[in-house]
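Take a look at the structure below.
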Amino acid sequence: MPLSMVEQGDIREITEFRGQEEMKRHLQDLGFIKGEKVRVVGENPSGMILLVKGVKIALNRALANRIMVAD
Amino acid sequence: MSITIALAGNPNCGKTTLFNELTGSKQHVGNWPGVTVDKKDGVYKKNREVTILDLPGIYSLSPYSAEEIVARDYLVKDKPDAVIDIVDGTSIERNLYLSLQIMETGIPMVIALNMMDEVETKGDKIDCQKLSETLGVPVVPVVARSGKGLKDLMDTAIETAQSHKKPEKLNLFDQDLQNAIAGIADVLGGNNEDESQWKAIKLIENDVVVEKAVDPAKLAAIKILVEKANKNARGDAEAKIADTRYQYISQLVKECVKKAHRGHVETKSDKLDKILTSRILALPIFAVVMYIMFACTFSENFLFIEGLPSPGVWLAGIVETMWGMIAEGVVGVIEGLGASEWAVGLVASCLDGIGAVAGFLPLVLVLFLLLSFLEDSGYMARVAFVMDRIFRHFGLSGRSFIPMLMGFGCSVPALMASRTLESDKDRKITMMITPFMSCGAKLPIYAMFAATLFAEGNQTMIVFSVYMLGIIVAVIGALILNKFAFKSDASSFIMELPQYRVPTIKSVLIHAWEKVKGFAVKAGTVIFASTVLIWFLSNFNFSGMCDMEESFLATIGNGIKWIFAPLGWADWRASVGVVTGWIAKENIVATFGQLFGNVSEEVVEAVMAGEEGLPAIGQVFDQVSAYSYMAFNLLCMPCFAAVGAIKREMGSWKWTLRAVGFQMVTAYVVALLINVIGHLIF
Ligand SMILES: Nc1nc2c(ncn2[C@@H]2O[C@H](COP(=O)(O)OP(=O)(O)OP(=O)(O)O)[C@@H](O)[C@H]2O)c(=O)[nH]1
Ligand SMILES: [Mg+2]
């Protein structure tokens with residue numbers, strides 16, 4: 001399911017990214033890789049705040065929709 | 001022997017802070033990723049043979065946005081003698097990803113483990129010895145902000161540079177990948193083994209820039225090898241490389257870092273974020289922050305208390321009074337020395353001009369201090385995120401917010417900050433509308449008109465409304481540009497949110513000092529030269545010294561004033577003001593000070609004491625046309641320095657002219673509407 005559906009406080013494992021190569025690479029550089037467990041620490045109308053490799057990262061819904069996580 | 005040491009690392013890891021400490025420079029530091037957008041060199045304070053280079057932050061050696069290309073190109077093309085790779089100790093796992101990549105380039109390198117103060121506060125322990133031994137690279141713990149460990153760091157870095165000691169090869173990759181890398185490196189050939197190996201890895205990672213530089217004859221053979229690597233890695237060798245690196249780091253961190261707490265603990269930053277980025281409160285809080293910022297700067301009824309001036313207004317009053325006394329003294333002295341009438345006139349006129357600007361400097365200074373406070377706190381990145389949803393409606397990304405907010409200070413750095421926007425469309429639109437954010441130099445214009453033409457209680461509202469006008473026009477402008485000039489694409493937003501930090505007094509004072517110094521330089525050069533020129537042009541014509549109304553300047557101004565007649569101010573002095581404003585926007589106030597300044601002694605005193613504005617302005621402007629004039633100068637072409645920045649960032653004259661044209665047309669249309677509609681109503 002898309003990351004955007006994950007609720008605040010949950011931890012999920014990334015399975016796939018559906019989108020452009022450049023964005024995929026950028027995500028990878030920020031620590032979003034297959035199998036990585038990310039935690040949703042915040043949510044608001046713009047998008048969500050995640051904890052990835054101990055770093056807080058904000059992303060908008062359009063992007064969160066394209067990151068798939070394990071159910 | 002002179003050596004060059006480059007500072008590289010993730011965005012916001014403290015490179016510029018370290019650079020400033022090492023070189024004594026005062027480069028812009030801020031608590032959000034993407035502050036530095038260009039490389040900058042300086043000389044090491046303790047050894048003048050050593051050049052230090054600050055670079056924009058990067059997450060990897062595969063650049064994503066424009067400023068990252070600068071950093072990567074420098075590292076792999078210009079090859080410094082050594083790199084200091086700055087690793088933020090509080091997010092060591094992510095930061096080391098870049099370190100591994102820099103190690104692959106074979107450039108002699110030292111790791112500076114920064115933010116050790118925060119690591120300590122958290123209670124974590126990092127075993128630098130072990131980290132260094134495992135990686136095969138020296139690791140030095142430092143606190144860039146306080147200067148701790150820097151001597152050690154530099155000694156190690158200089159020694160590494162002089163001995164050309166390369167990082168050891170880690171051989172992380174599995175046999176398949178290693179074969180692929182070796183195979184591609186073989187095809188590439190060349191006499192530098194490190195370089196061809198690095199390029200081979202980049203080619204497997206589908207790096208377009210490296211691929212373009214490869215001899216086309218060899219490309220086919222390389223493609224086959226990359227294909228094979230992909231097949232071996234179940235379709236995606238690039239992902240496998242990334243995965244291998246991260247796994248290695250994971251293991252390394254497990255061995256070398258002792259965390260005080262297992263799992264997730266809520267920090268102060270997290271608690272603040274719960275409020276500042278919350279679903280309901282985020283936007284109202286932002287509105288209050290903005291209000292406080294402007295109220296501190298130019299409110300006459302500060303905190304809604306009748307007659308209590310804000311810090312900015314209060315300071316401005318003091319400076320104006322002091323300048324009045326100084327000017328009077330100076331003129332008195334040269335009169336006493338028996339200087340000729342024209343010399344006294346020149347000096348008095350220049351003092352009037354510069355004084356008119358200096359009087360408003362405190363307003364600008366307070367605004368800058370508050371902006372720098374926002375920048376240092378870590379709040380900027382949050383607002384960019386929170387604003388993203390709103391900015392989408394205008395076809396922009398939340399990232400555009402940062403240049404726009406910086407635009408309230410000065411357009412030049414703001415325009416440069418637009419470099420961090422990854423989409424070309426967002427970047428162009430942002431650059432075209434950023435000058436609509438009223439910069440500090442324009443504030444005196446509104447303050448002058450407000451004091452002269454508007455009732456005491458309304459002045460704050462008038463100034464505030466001009467700022468709002470700029471924002472509204474920027475939004476509408478973005479919408480129009482997005483609809484008609486660019487085809488839109490839904491872009492994504494992703495940004496690291498740094499920890500909140502308390503701004504240091506030192507950094508805030510540096511900002512203030514830089515601003516005052518910058519002003520002094522500007523006043524002493526551009527503004528001074530303009531005032532002398534204006535004095536000459538406004539006191540002479542072909543037959544020598546003359547009445548102002550018959551001067552060169554009046555002739556020129558009268559020649560162009562028809563252009564502005566529909567806007568409500570067909571006056572030669574006002575027209576000249578617009579033109580001098582392009583040199584520096586403060587000049588408008590200086591020019592008015594000179595051209596409208598010839599009034600009786602008592603009035604001058606009242607003006608200087610900040611009790612009144614320049615009354616002569618009232619003979620030319622009414623409230624509506626004054627507002628139209630403020631709007632025009634807010635929106636029309638920014639000063640030449642900003643146009644230069646647009647040219648540099650756009651990289652083309654065509655786009656620069658388009659941007660300036662767009663701004664001119666917008667200014668004219670808005671001022672025209674204000675004048676026509678305003679006069680219908682009032
Ligand atoms: N606590 C602490 N904060 C630091 C230290 N070094 C830097 N900072 C803070 O970290 C933030 C980022 O510092 P910069 O020097 O602008 O970072 P940078 O790496 O140049 O960032 P970019 O130019 O955006 O890539 C600022 O708020 C600094 O005050 C440190 O040793 N300890
Ligand atoms: Mg920097």
Side-chain angles (χ1 to χ4, degrees), chain A residues 1-70, chain B residues 10 58-62 64-65 88 90-95 97-98 101 205-208 236 238-239 241-243 245-246 249-250 253 259 264 266 269-270 273-274 277-280 282-283 381-382 384-392 397-398 422 490-499:
Chain A
M1 70 174 175
L3 178 62
S4 52
M5 312 254 290
V6 179
E7 272 171 41
Q8 191 168 335
D10 280 4
I11 302 176
R12 290 299 159 97
E13 201 179 293
I14 295 174
T15 53
E16 193 191 347
F17 176 69
R18 300 189 179 149
Q20 287 166 334
E21 266 314 296
E22 291 102 75
M23 183 45 91
K24 186 178 160 197
R25 187 168 306 134
H26 189 52
L27 283 169
Q28 208 174 349
D29 296 342
L30 284 165
F32 291 80
I33 47 165
K34 218 178 187 171
E36 178 70 22
K37 289 195 176 73
V38 299
R39 180 195 198 98
V40 180
V41 291
E43 230 184 320
N44 71 29
S46 270
M48 47 207 335
I49 302 176
L50 308 171
L51 202 65
V52 187
K53 298 213 175 277
V55 182
K56 251 191 211 174
I57 290 177
L59 40 75
N60 68 355
R61 258 173 222 285
L63 190 56
N65 272 329
R66 283 181 272 141
I67 299 172
M68 299 296 145
V69 296
Chain B
N10 279 184
I58 44 178
Y59 287 112
S60 81
L61 286 181
S62 314
Y64 181 61
S65 51
D88 175 350
T90 60
S91 48
I92 188 165
E93 220 176 316
R94 220 273 315 287
N95 277 246
Y97 186 68
L98 174 69
Q101 295 193 39
E205 290 182 305
N206 302 316
D207 189 301
V208 212
D236 198 344
E238 186 186 353
I241 291 181
D243 197 50
R245 288 190 189 125
Y246 274 123
I249 294 167
S250 224
V253 168
K259 292 225 165 76
H264 178 66
E266 198 165 74
S269 271
D270 296 334
D273 266 339
K274 283 233 162 85
T277 65
S278 89
R279 201 170 264 284
I280 301 157
L283 287 173
R382 271 73 182 186
F385 173 51
V386 169
M387 295 300 271
D388 186 66
R389 204 174 93 96
I390 297 171
F391 274 38
R392 292 283 155 206
S397 146
E422 58 271 19
S491 45
S492 29
F493 175 93
I494 183 159
M495 192 174 200
E496 183 177 343
L497 303 181
Q499 290 185 43

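Below, read A as the first sequence line, B as the second, and so on, with proteins coming before strands; counting in each chain starts at 1. What you are looking at is a predicted structure, and each value in this text was computed from that prediction instead of being measured.
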Exercise. Pick one of side chain, backbone, both or neither for T277(B), based on which atoms fall under 4.5 Å of a heavy atom in chain A.
Key: both

Quiz item: Is any side-chain N of the basic residue among K34(A) and D236(B) closer than 4.0 Å to the acidic one's carboxylate O?
Solution: no

Exercise. Before accepting this row, confirm whether a basic side-chain N of the pair E43(A)/R61(A) lies closer than 4.0 Å to the acidic partner's carboxylate O.
Key: yes

Self-check item: Proximity breakdown for N206(B) and chain A, heavy-atom pairs closer than 4.5 Å
Solution: both

Quiz item: Would the number of heavy atoms belonging to other residues, nucleotides or ligands and lying under 6.0 Å from CD of E266(B) be above 12?
Solution: yes

Practice problem: Start with the C-alpha distance between L497(B) and R382(B), add both sets of side-chain angles, then the distance that settles side chain to side chain contact (heavy atoms under 4.5 Å, CB included), and finish with yes or no. | Solution: CA-CA 7 Å; L497(B) 303 181; R382(B) 271 73 182 186; 3.8 Å; yes

Quiz item: Tell me, side chain or backbone of E205(B) under 4.5 Å from chain A's heavy atoms, or both, or neither?
Solution: backbone

Quiz item: Where on D270(B) is there a heavy atom nearer than 4.5 Å to chain A: the side chain, the backbone, both, or neither?
Solution: both

Practice problem: Please flag which part of A242(B) lies under 4.5 Å from any non-hydrogen atom of chain A: side chain, backbone, both or neither. | Solution: both

Exercise. With a 4.5 angstrom heavy-atom cut-off, could you sort out which part of I11(A) is near chain B: side chain, backbone, both or neither?
Key: neither

Practice problem: Among G54(A), A64(A), G47(A), single out the residue with the greatest number of heavy-atom pairs under 4.5 Å to chain B. | Solution: G47(A)

Practice problem: Report the residue from E13(A), M5(A), R12(A) that forms a side-chain contact (heavy atoms from CB on, under 4.5 Å) with V69(A). | Solution: R12(A)

Quiz item: Of the backbone (N, CA, C, O) and the side chain (C-beta and beyond), which part of L30(A) lies under 4.5 Å from a heavy atom of chain B, both, or neither?
Solution: both

Quiz item: For Q20(A), is it the side chain, the backbone, both or neither that has a heavy atom under 4.5 Å from a heavy atom of chain B?
Solution: neither

Exercise. Measure D388(B) against the heavy atoms of chain A and call it side chain, backbone, both or neither at under 4.5 Å.
Key: both

Quiz item: Which region of Y97(B), side chain (C-beta onward) or backbone (N, CA, C, O), has a non-hydrogen atom less than 4.5 Å from a non-hydrogen atom of chain A, or is it both or neither?
Solution: side chain

Quiz item: Among Q499(B), E93(B), R94(B), which residue meets the side-chain contact (heavy atoms from CB on, under 4.5 Å) test with V55(A)?
Solution: R94(B)

Quiz item: So which part of E21(A) gets closer than 4.5 Å to some heavy atom of chain B, the side chain, the backbone, both or neither?
Solution: side chain

Quiz item: Under a 4.5 Å heavy-atom cutoff, which of E22(A), R25(A), M23(A) has the most pairs with chain B?
Solution: R25(A)

Quiz item: Hey, which of R39(A), K56(A), K53(A) has the most heavy atom pairs under 4.5 Å with chain B?
Solution: K56(A)

Practice problem: Please look at F17(A) and chain B and tell me whether the side chain, the backbone, both or neither of the residue comes under 4.5 angstrom of a heavy atom of that chain. | Solution: neither

Quiz item: Are side-chain heavy atoms of M68(A) and P2(A) found at a separation under 4.5 Å?
Solution: yes

Self-check item: Closest-packed option against chain B by number of heavy-atom pairs under 4.5 Å, given L59(A), D29(A), L63(A)
Solution: D29(A)

Self-check item: Contacting moiety of L50(A), where chain B heavy atoms sit under 4.5 Å
Solution: neither

Quiz item: Do E238(B) and K24(A) meet the salt-bridge criterion of a basic N to acidic O distance under 4.0 Å?
Solution: no

Quiz prompt | Pair E36(A)-Y246(B), side-chain donor/acceptor within less than 3.5 Å | solution = no

Exercise. Over 60° means perpendicular and under 30° means parallel, so classify the ring planes of F493(B) and F385(B), tilted if in between.
Key: parallel

Practice problem: Between chain B and each of L51(A), I49(A), V41(A), L27(A), count heavy-atom pairs under 4.5 Å; write down the option with the most. | Solution: I49(A)

Quiz item: Do side-chain atoms of S46(A) reach the backbone of V386(B) as a donor and acceptor pair under 3.5 angstrom?
Solution: yes

Quiz item: Should R18(A) and N65(A) be marked as a side chain to side chain contact (heavy atoms under 4.5 Å, CB included) after you check the CA-CA gap, both sets of side-chain angles, and the distance that decides it?
Solution: CA-CA 9 Å; R18(A) 300 189 179 149; N65(A) 272 329; over 6 Å; no

Quiz prompt | Residue N95(B) versus chain A: region with a heavy atom under 4.5 Å | solution = neither

